[in-house]
Amino acid sequence: MTASASLVSPTHDSVRGRSLWQDSWARLRRNRAAVAGMVILSLIIVVCIAGPWFLLWQPDAQDLKLKAVPPGTTSLVPGTSITATHWLGTDSLGRDLLVRTLKGGRVSLMVGLIATLVALFIGVSYGATAGYVGGRTDAFMMRLVDILYALPFMIFVILLTATLGEFVEQRFGNSIYVVFAAIGAVEWLTMSRIVRAQVQSLVRQEFVEAARSLGLPSWKIIARHILPNVLGPVIVYATLTVPAVMLLEAGLSFLGLGVQPPGTSWGTLINDGAKNIETSWWMLTFPALFFSATLFCLNFAGDGLRDALDVRTAKD
Amino acid sequence: MLRFIASRLLQSAAVLLAVFTMTFFMIRLAPGDPFASEKSMNPDVKKELERQYGLNESLSVQYWKALSSYGRGDFGLSMKNQGMRNGKIIRDSFPVSLIVGAAALVVALAIGLPAGIIAAVKRNTWLDVGPMSLAMIGICLPTFVMGPILIAFFGLKWRLLNVAGWFEPTDWILPAATMGLSYAAYISRLARGGMLEVLSQDYIRTARAKGVPGWLIIIRHTLRNGLLPVAAFLGPALAGITTGSFIIEKIYNLPGLGQHFVSAVFNRDYTLILATTVLYAALLVAMNLVADIIVAWMNPRVRLSS
Amino acid sequence: MRRFLVALLAGWLTLLFSACSGESINATEGARRKILLVNNKDDPRWLDLHRTNSVVENNIMLALHEGLVVEGATNERDPDPGIAASWQSNPQKSVWSFQLRPDARWSDGNPITPDDFIWSWQRLLNPKLAAEYSGMLFIVKNGREIFEGKLPPDQLGAKKTGPHSLEITLTGPTPHFPQVLCHSIWCPLARHCLEKYGDPLSALNPWTDDGKMITSGPFRLKTYLFRRYLEVEKNPHYWDAATVKLDGIRFYPITSEQTEDRLFRRGQLHITYNVPLDKAPTYLHDHPDVIVNDPNLAVRFYRVNTKRKPFDDARVRRALGLAIDRQSLVDNVLRENQRPAFGVVPPMDGYDEVKGFSFDIAEAQRLLAEAGFPNGQGWPSNVKLHIADSERAIQVAEAMQAMWQKNLGIRIPIRMEDYNSYLSSQQHMDYDISDAGWNADYYDPATFIDMWLTDGGNNRTGWSNPAFDKLLEESGQCTDAASRLATLRKAEALLLSEAPVLPYYYYTRTRMIHPAVVGWTKRLLDDRMWKYFDLRYPPPPSSMDGELRRE
């Protein structure tokens, strides 16, 4: 238990901490897959945010004469005399698929980000607290999670949209935030279970006992000594949360509870594409490519991050 | 152990009661009603219908009536399915979802666990990258894309299996594969992550240093701890797997339970929503209990707290 | 451990074999055994005729029941004799007498009598039954009063005038009464069957179970497996059993258009309910012999809430209606040969379309400017187009939004809700513009026009015009069909000029029909006369044989 024991030296906290982060950062930079993943991911994010401004096509501009045309078709931009190319083809209302995919990416990335943040902050701290404290508090906290799990999610969303939808839309300009909130409200549940299971296996380990005997406050033990040891599963599950919520958003959207048309998201585009797969392959392929590229990058980045933060593996 | 289970059962009862109560009031707050239709309904007709289903009474009276009928094991009358008892709807459809779900679970574990374990052990080799890339593809292909693809090949192109329906003893295969593959992807990623965590622990290194053969180490020392995240994930996931999936049942036109979770909500079938939700909650607390026991068994450091 | 796993597997297998119920029949096998395989989209909510209210239920009811008269075999507007062999009316068309066939029998062989009809109608009007379609019988004298509990059931204007004859007194002249009578809700129910199994009014009366149900139509219920299928078989006691060629019909509850399409191509269905949106144009082009694409007596429209600004101004409503390019919508978005709708009544025999709208951007812009929104300036941003979560509705709304933006310079956001919330908003008039559709109940323009009466239950726009109400009242007094239709046309023109409703297309129904199916006819009401259907074995060749013949 040398590695663990060395972590518990309160006197050198600040010095050690910084060098630990620096170490990690250096390790992360050496991991090519992770760096490539992060670079591509940032690129996707930047393109989704900035891309639509540089494209001549408007996401809602329809050209019914050019519906469902294959990638590479060139045509006149409606309302102007400029010609431009539909690099990814058009959808069934003749809208440019590239600009819609980028615009949809904003919604999907946003959902993924919010849900992951909620899962990370609420899920991890909730699960860690329950696992560390144990006993009745743990039982109560976990039963609360069970209740939230079991409540019918769709009714929750319908209720939320009905009561807050109008207000949120006037206040923030789009009712999609209600769905973000709803997804965030349930996405931390599994995370908290996973973290709790891990923490339970850690609390009885020697280094935690040692920290406790040194009189460190509980929150410090959790933050300093337990959380770093559950980071692996946390990062893996966080990267799994992202696709799950992006698809959940799509599921809600085609039940009439998510993005309002003509707005879109990757999930909605993939669903539309899946329906048109036999007539227009590009409608599924390109949004799905963006979606999977994001997930692949997230995973490489996540794995790299995990390795970089893992003191023990690095010593091998 | 027995004390632990007894106390958990008591807690479960409290959970069920809470879910029952919250669901009951939540659905009444949602806009819409079970008798809504495109054509307007004569107000007298509507009043009479509401009387027949007891909706004319005050909410608290309705609540107590529903609660006591659940106490008797009667899940009430569905409001959307012609004089059918919710108990019968669940009895008819649950086995279908259970069959598909059990098979899907086997698929998920049979593919997901070995893939994840091998990937972790043979880290950064093609045995890691290959299966993990496949898993990623599995995650990226949602069931509403995977299902039609499987059908296009096995059903329409090669004509090996039925494209939809629930008649022949082979009709579970495609739905179970669709469902299982998506869970397999998750399980393999979780298993790999958990295993990596354990493989770097000192006691494994000690064992290795002592010259214990690699595979023996894995089986004897790492599996229990390494698969903790999988076990924690499977608890709630099992309740979802066995109660069916709306999308899969729609694609394959299965008479399973999953569709009722969604259609009951969209029909505002108050009593059926309540019945399915309570069933799901019961399964969930049961599965979580099992998962917690398995976690404790897998890792003796975890103490079951009562 | 091993024993445990074996036990689990055994349990699973037992479950598997007990849960697979019903028998799978493919289209070829079905053709050989003369069992028609039809997708019916969903399970019926009720099998009790009087409680039914949907197309899904009606399709099954038309196989199980038969009324006094039925839609004509070739011309649906010209009723054929059903259980009544003949009928006459008085010159005012307000009293009708029917002569029943002496050989008319229930599916258990008992005779069908005039009393059965009267009992059934009294049941339908019983307020305790809470039947949605009871309103159809309000045209019978005292029907409404009985439903409201003001008169006893025996006061109904229907009486037995002989062992096989029946006389119905209506509230006023109704020259189109035989057409109204074609609706399945008028079919008789077997009193002896309902009373055998308990209270005839109870929703829990099990008389509709397979093995118990007794009906009057060409088929009778054989098996009903919830969420699997409902099968009817030929009724040997039916008076016209010689005409019925099928031995049975199976109705499947397949909700997904993609799934039914795959089942059809795999040779598992004879008739689909729909065709997936993106495939209809391809199929219409490549497989014209396998697809049917029939006009339908139904209209799609937007309701406009006349109680909300700026739609309290008829000019604004008209402007929106005039700025829609219906032809482009039909050609580019809907693509199933729907017809652009310029009025609320679909074209039908004897009633040409009233073209209350046109595609006239200049006039639309002029009206909008007059109402205070020149080029869309000052248009309120909170006005929304309200739709339900259907693929078609979304695409249409997106196209509509673009048209209004382009032609009028106004931006109308879309508000999509789940179906039930959407219905509830519409009912409570919590909307600005709301998508809706209307199917004809019977072959007559009135079914599309009288819903817009002041405070009519289906009006839901807040629109009211005494002149319109008066025209409809006048039409109800006409004993002559031609002058009645002329009055109705005037009423429709008035309605469209004030535009509380913006019609945009008349439906078509597109389906895949297996080459083995014989007897499909174009019917505007889309009521299937199942008794005339047949199946050919072996199925003749078709353009889809590449897929269908491989079975």
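All chains are named by letter (A, B, ...) in the order of the sequence lines, taking the proteins before the strands, and each is independently numbered beginning at 1. Below, all heavy atoms of this structure are taken into account, side chains as well, without hydrogens, waters or symmetry copies. For clarity, every value in this text was computed on a predicted model and none was experimentally measured.
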(message) I need the residue from A:L295, A:L240, A:V230, A:V195 with the largest number of non-hydrogen atom pairs under 4.5 Å to chain B.
(response) A:L240
Using residues 126-135 of chain A as the side-chain source, report each donor-acceptor pair under 3.5 Å to any protein atom, sequence neighbours left out, with the distance given to one decimal.
{"from": "A:Y126", "atom 1": "OH", "to": "A:M141", "atom 2": "O", "distance (Å)": "2.9"}
{"from": "A:T129", "atom 1": "OG1", "to": "A:S125", "atom 2": "O", "distance (Å)": "2.5"}
{"from": "A:Y132", "atom 1": "OH", "to": "A:R212", "atom 2": "NE", "distance (Å)": "3.2"}

(message) If we define contacts as heavy-atom pairs under 4.5 Å, which of A:I270, A:T190, A:T161 has the most with chain B?
(response) A:I270
(request) Would you please name every residue forming a ring-ring contact (aromatic ring centres under 6.0 Å, His included) with B:F24, sequence neighbours left out? (result) B:Y63
(request) Search all heavy atoms of A:L151 against all heavy atoms of B:V19 and return the closest pair with its distance. (result) CD2-O, 4.0 Å
Contacts under 3.5 angstrom, residues 272-286 of chain B side chains, donor-acceptor by atom type, not counting sequence neighbours:
{"from": "B:T276", "atom 1": "OG1", "to": "B:L272", "atom 2": "O", "distance (Å)": "2.9"}
{"from": "B:T276", "atom 1": "OG1", "to": "B:I273", "atom 2": "O", "distance (Å)": "3.0"}
{"from": "B:T277", "atom 1": "OG1", "to": "B:I273", "atom 2": "O", "distance (Å)": "2.6"}

(message) Just checking B:F25: does its CZ atom have more than 12 heavy atoms from other residues, nucleotides or ligands closer to it than 6.0 angstrom?
(response) yes
(request) Enter the distance from B:I247:CD1 to A:N271:CG here, rounded to the nearest 0.5 Å. (result) 8.0 Å
(message) Heavy-atom cut-off 4.5 Å, strictly under: side chain, backbone, both or neither for B:P229 against chain A?
(response) both
(request) Could you check if a side-chain atom of B:M22 sits within less than 4.5 angstrom of a side-chain atom of A:I155, using non-hydrogen atoms only? (result) no
(message) So for B:S182, is it side chain, backbone, both, or neither that comes closer than 4.5 Å to the heavy atoms of chain A?
(response) neither
(message) Testing the basics here: between B:S133 and A:F296, what is the closest heavy-atom pair and its distance to 0.1 Å?
(response) O-CZ, 3.8 Å
(request) Under 4.5 Å heavy-atom distance to chain B, tell me which part of A:S292 shows up: side chain, backbone, both or neither. (result) both
(message) Checking an interface table here. Which of residues 186-194 of chain B come within a heavy-atom distance under 4.5 Å of chain A?
(response) B:Y186, B:R189, B:L190, B:R192, B:G193
(request) Look at B:P236, B:A185, B:P31, B:A18 and state which one has the largest set of heavy-atom pairs under 4.5 Å with chain A. (result) B:P236
(message) Counting only heavy atoms not in A:E209 (residues, nucleotides, ligands), do more than 12 fall under 6.0 Å from its CD?
(response) yes
(message) Using side-chain heavy atoms (C-beta onward) and a distance below 4.5 Å, is B:P148 in contact with A:I277?
(response) no
(message) Do A:I158 and B:R268 have side chains that approach each other closer than 4.5 Å (heavy atoms only, starting at C-beta)?
(response) yes
(request) Determine whether B:N288 and A:R193 make a side-chain contact, defined as any pair of heavy atoms from C-beta on separated by less than 4.5 Å. (result) yes
(request) Sort out for me which of A:T294, A:T239, A:N299 touches chain B most, counting heavy-atom pairs under 4.5 Å. (result) A:N299
(message) Less than 4.5 Å to any heavy atom of chain B: does that hold for the side chain of A:A150, its backbone, both, or neither?
(response) both
(message) Once rounded to the nearest 0.5 Å, what's the spacing between atom CG of A:D303 and atom CG of B:L196?
(response) 7.5 Å
(request) With a 4.5 angstrom heavy-atom cut-off, could you sort out which part of A:L159 is near chain B: side chain, backbone, both or neither? (result) side chain
(message) Between B:F266 and chain A, with a heavy-atom cut-off of 4.5 Å, which part of the residue counts as in contact: side chain, backbone, both or neither?
(response) side chain
(request) Against chain B, label A:A244 side chain, backbone, both or neither, depending on which of its atoms sit under 4.5 Å from a heavy atom there. (result) both
(message) Below 4.5 Å, heavy-atom pairs only: which of B:I27, B:L16, B:V230 has the largest tally toward chain A?
(response) B:I27
(request) Please round to the nearest 0.5 Å and tell me the distance separating atom CZ of A:F156 and atom OG1 of B:T23. (result) 12.0 Å
